[in-house]
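Structure first, commentary second.
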Amino acid sequence: MINSLFHKGSSFFIYPYRIIFLRVDELQPAVQVLLSVSKRRFRHAVHRNLLKRRMREAYRVQKNEQLYPALENRSFGLLLAIQYVGKEVLDYAIMCKRMADVLKRLGEETQ
RNA sequence: AAGCAGGCCCGUUCUAUCGCCGCGGCAGCAGCCGGGGAGGAAAGUCCGGACAACACAGAGCACCUCGCUUCCUAACGGGAAGGGCCCCGAUGCAGAUUGGGGUACGGAAAGUGCCACAGAAAACAAACCGCUUCGAUUCGUUGGAGCAAGGGUGAAAACGUGGGGUAAGAGCCCACGGCUUUGUAUGGCAACAUACAUCGCGGUAAACCCCGGGGGUUGAAAGGCCAAAUAGGUUGCGGAUUACUGGAGCUGCUCGCUUCUAAUUUGCCGGUAGGCAAACACCGCAACGGGUAGGCCGAUGGAGCCUGCUAGUGAUGGCAGGCCUAGAUAAAUGAUAGAAGCCCCGCUUGCGGGGAACAGAAUCCGGCUUAUAGGGUUUGCUUUUUU
RNA sequence: GUUCCCGUAGUUCAAUGGAUAGAAUUUCAGAUUCCGGUUCUGAAGAUAGGGGUUCGAAUCCCUUCGGGAACA
């Protein structure tokens with residue numbers, strides 16, 4: 001699944017994120033997400049852990065309003081990879097706002 | 001009070017809501033309830049152990065490692081106390097006394113090597129300028145013998161200073177002093193110190209080496225169990241067996257060749273005897289090849305933490321009482337809001353704004369090293385003020 | 001997680017503990033040419049950081065940093 005996501009998926013940027021997604025028929029559960037922060041950009045494990053936790057929180061809080069309505073009653077599911085490509089650790093407020101943009105864009109892409 | 005240096009400690013706290021990961025209960029799942037959830041370095045992986053698998057008669061060699069003494073400890077290359085040496089400060093004319101810091105600190109008197117350049121010479125030999133003496137002399141010098149004090153070179157020059165001695169000199173002799181070997185006495189558990197006698201005098205062992213102590217190897221991807229999957233595969237050895245060969249020779253060994261003997265099935269050649277080729281089930285172990293990439297145990301109650309008493313100068317030990325304090329497996333500790341405390345800035349002097357280091361457990365402990373905003377405490381020194 | 005190896009000019013490599021760390025290439029300047037190339041001459045440029053041993057350290061020792069490799 002991960003291989004096919006990275007080889008066949010399409011991608012777009014919304015700073016500080018890079019998103020790769022792939023439509024897959026009859027996926028269970030319907031949306032599966034992979035979060036990643038590059039070791040090359042953030043040398044210390046503290047910062048990588050913090051960013052991944054904040055990304056997960058931002059996704060968790062907003063997925064029900066922004067993403068799931070677009071996928072209701074569809075025959076396909078979604079594989080997602082969200083990579084953090086920013087150069088420094090941003091505040092949660094900004095990360096949360098951008099994640100909302102990401103989810104909206106994903107909803108449009110799947111129409 | 002300020003500054004500097006060293007040691008030790010803390011390194012935000014509380015509440016609520018939404019999530020995440022373990023644990024316990026309601027005897028299953030789900031759900032609900034209760035309770036827990038990163039550090040002093042979790043880091044580097046530099047040492048030492050526990051634990052595990054394999055190996056192991058005893059001793060020695062080789063290799064690695066440590067190195068003042070005594071003690072602490074499960075152990076250590078760690079720590080405590082003490083000794084020697086070096087550096088800095090204070091007092092003092094000085095000898096010395098005292099305070100602080102550092103110290104890989106066994107042996108150079110077992111042996112070997114090395115000490116660039118310069119210099120006569122870097123420890124064997126030896127002498128550039130010199131010093132003394134005996135000759136020669138064209139009075140400018142020159143040859144032989146002796147010496148190593150002085151000059152010069154160097155990071156380092158044959159122990160330093162003074163005297164005796166001598167043709168001139170030299171630890172050649174003497175006095176004092178420095179370092180050092182051995183012995184005796186005294187003090188100390190000891191390292192060592194002091195005194196006397198005695199032997200000796202370049203450095204280097206983070207050069208080889210010698211002496212003494214220690215070290216079996218590999219690391220949780222150790223190791224054990226279950227499930228799933230693949231090929232009931234190939235080769236070798238052993239067992240069992242009628243049977244998967246055995247004996248002898250060539251050879252240092254293996255392969256191979258020759259010869260003797262025993263033997264099952266099938267195929268081919270052959271009239272037969274016989275010859276050639278192929279195959280041979282089962283069990284165990286090892287290697288090769290192939291497959292799987294899941295779960296459980298190991299794995300979190302321990303050289304454990306807190307408090308008090310106690311032994312000790314101290315590291316640390318003993319006793320009593322109390323406590324349970326992360327356990328994931330691609331990996332949980334995040335977000336929001338409020339309150340309190342700390343720091344900085346601004347001025348309206350009690351309000352507003354901002355900030356909080358280094359950094360994230362992965363089998364577990366004891367150390368070391370490195371990173372660390374800020375705060376507290378303590379010891380020593382210096383300066384100033386007061387009594 | 002465990003274990004091991006390496007670090008020298010911009011690059012590729014040298015250097016018994018001993019003058020100012022050497023060579024090729026690269027870069028720059030000059031000469032040659034009408035111009036460029038080639039060639040010639042000259043210059044610049046380095047021991048990963050810190051500490052120790054030593055008269056003297058790229059080399060020996062300790063420590064930190066960075067890079068790489070192997071292992072179910």
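Lettering of chains follows the sequences in order, A, B, ..., and the numbering in each one begins at 1.
Applying the 90° criterion around 0 to the glycosidic angle, B:G171 comes out syn. Taking 90° from 0 as the syn/anti boundary, the base of B:U161 is oriented anti. In this structure B:A170 sits in the anti conformation; its chi angle is more than 90° from 0. Using a 90° window around 0 for the glycosidic torsion, B:A248 falls outside it and is classed as anti. Here B:A195 is in the anti range [glycosidic angle more than 90° from 0].
The line from CE of A:M55 to CD of A:Q83 is 8.5 Å long, rounded to the nearest 0.5 Å. Taken to the nearest 0.5 Å, the CG atom of A:L22 stands 11.0 Å off from the CZ atom of A:F76. In this structure, CG on A:L79 lies 12.5 Å from CZ on A:R23, to the nearest 0.5 angstrom. Rounding to the nearest 0.5 Å places NZ of A:K104 at 10.0 Å from CD1 of A:I14.
Look at the C1' atom in both B:A330 and B:U316: the space between them is 44 Å, to the nearest Å. Separating the C1' atom of B:G152 from that of B:G162 is a span of 26 Å, rounded to the nearest Å. Nucleotides B:G60 and B:A55, compared at atom P, are 25 Å apart to the nearest Å. If you take atom P in B:U45 and the same atom in C:G68, they sit 14 Å apart, rounded to whole Å. Separation of the P atoms belonging to B:A38 and B:G3 is 38 Å when rounded to the nearest angstrom. Taking the C1' atom of each, B:C179 and B:A207 are spaced 25 Å apart, rounded to whole Å. Rounded to the nearest Å, the gap between the C1' atom of B:A359 and that of B:U204 is 47 Å. Taking atom C1' on both B:C381 and B:U98, the two are 13 Å apart, rounded to the nearest angstrom.
Figure legend. B:A373 is base-paired to no nucleotide; pairs are counted as Watson-Crick or G-U wobble with both atom distances under 3.5 Å. Under the Watson-Crick or G-U wobble criterion, with both distances below 3.5 Å, B:A170 is left unpaired in every strand shown. In this structure B:A240 sits in no base pair that meets the Watson-Crick or G-U test at under 3.5 Å. Of the nucleotides present, none pairs with C:U8 by Watson-Crick or G-U wobble criteria with both distances under 3.5 Å. Remark: B:G360 base-pairs with no nucleotide; criterion is Watson-Crick or G-U wobble with both hydrogen-bond distances under 3.5 Å. With both pairing distances under 3.5 Å, B:A16 is matched to B:U336 as a Watson-Crick or G-U wobble pair. Across all strands shown, B:A38 forms no Watson-Crick or G-U wobble pair with both distances under 3.5 Å. Within the shown strands, B:A52 is the pairing partner of B:U218 under the Watson-Crick or G-U definition, both distances less than 3.5 Å.
In this structure the side chain of A:D101 never reaches within 4.5 angstrom of the side chain of A:Y17, judged on heavy atoms. A:L106 has its side chain within reach of A:L80: a pair of non-hydrogen atoms, C-beta onward, lies under 4.5 Å apart. Between A:L67 and A:Y59 there is a side-chain heavy-atom pair separated by less than 4.5 Å.
The side-chain contact (heavy atoms from CB on, under 4.5 Å) test with A:I82 singles out one residue from A:M99, A:R56, A:R18, A:K52, and that residue is A:M99. Checking A:L35, A:N49, A:L90, A:V89 one by one against A:R54, the side-chain contact (heavy atoms from CB on, under 4.5 Å) holds for a single residue, A:V89.
Taken residue by residue, residues 44-60 of chain A places heavy atoms nearer than 4.0 Å to RNA chain B at A:H44, A:A45, A:V46, A:N49, A:R53, A:R54, A:R56, A:E57, A:R60.
In 5' to 3' order, the nucleotides of RNA chain B bounding all contacts with chain A (an atom under 4.0 Å from a heavy atom) are B:C18 to B:G360.
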Verdict with reasoning, A:R60 to A:E57, per salt bridge (Lys or Arg N to Asp or Glu O under 4.0 Å): CA-CA 5 Å; A:R60 180 186 73 83; A:E57 178 69 10; 3.0 Å; yes
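Salt bridge A:R105/A:E109: present, at least one basic N to carboxylate O contact under 4.0 Å.
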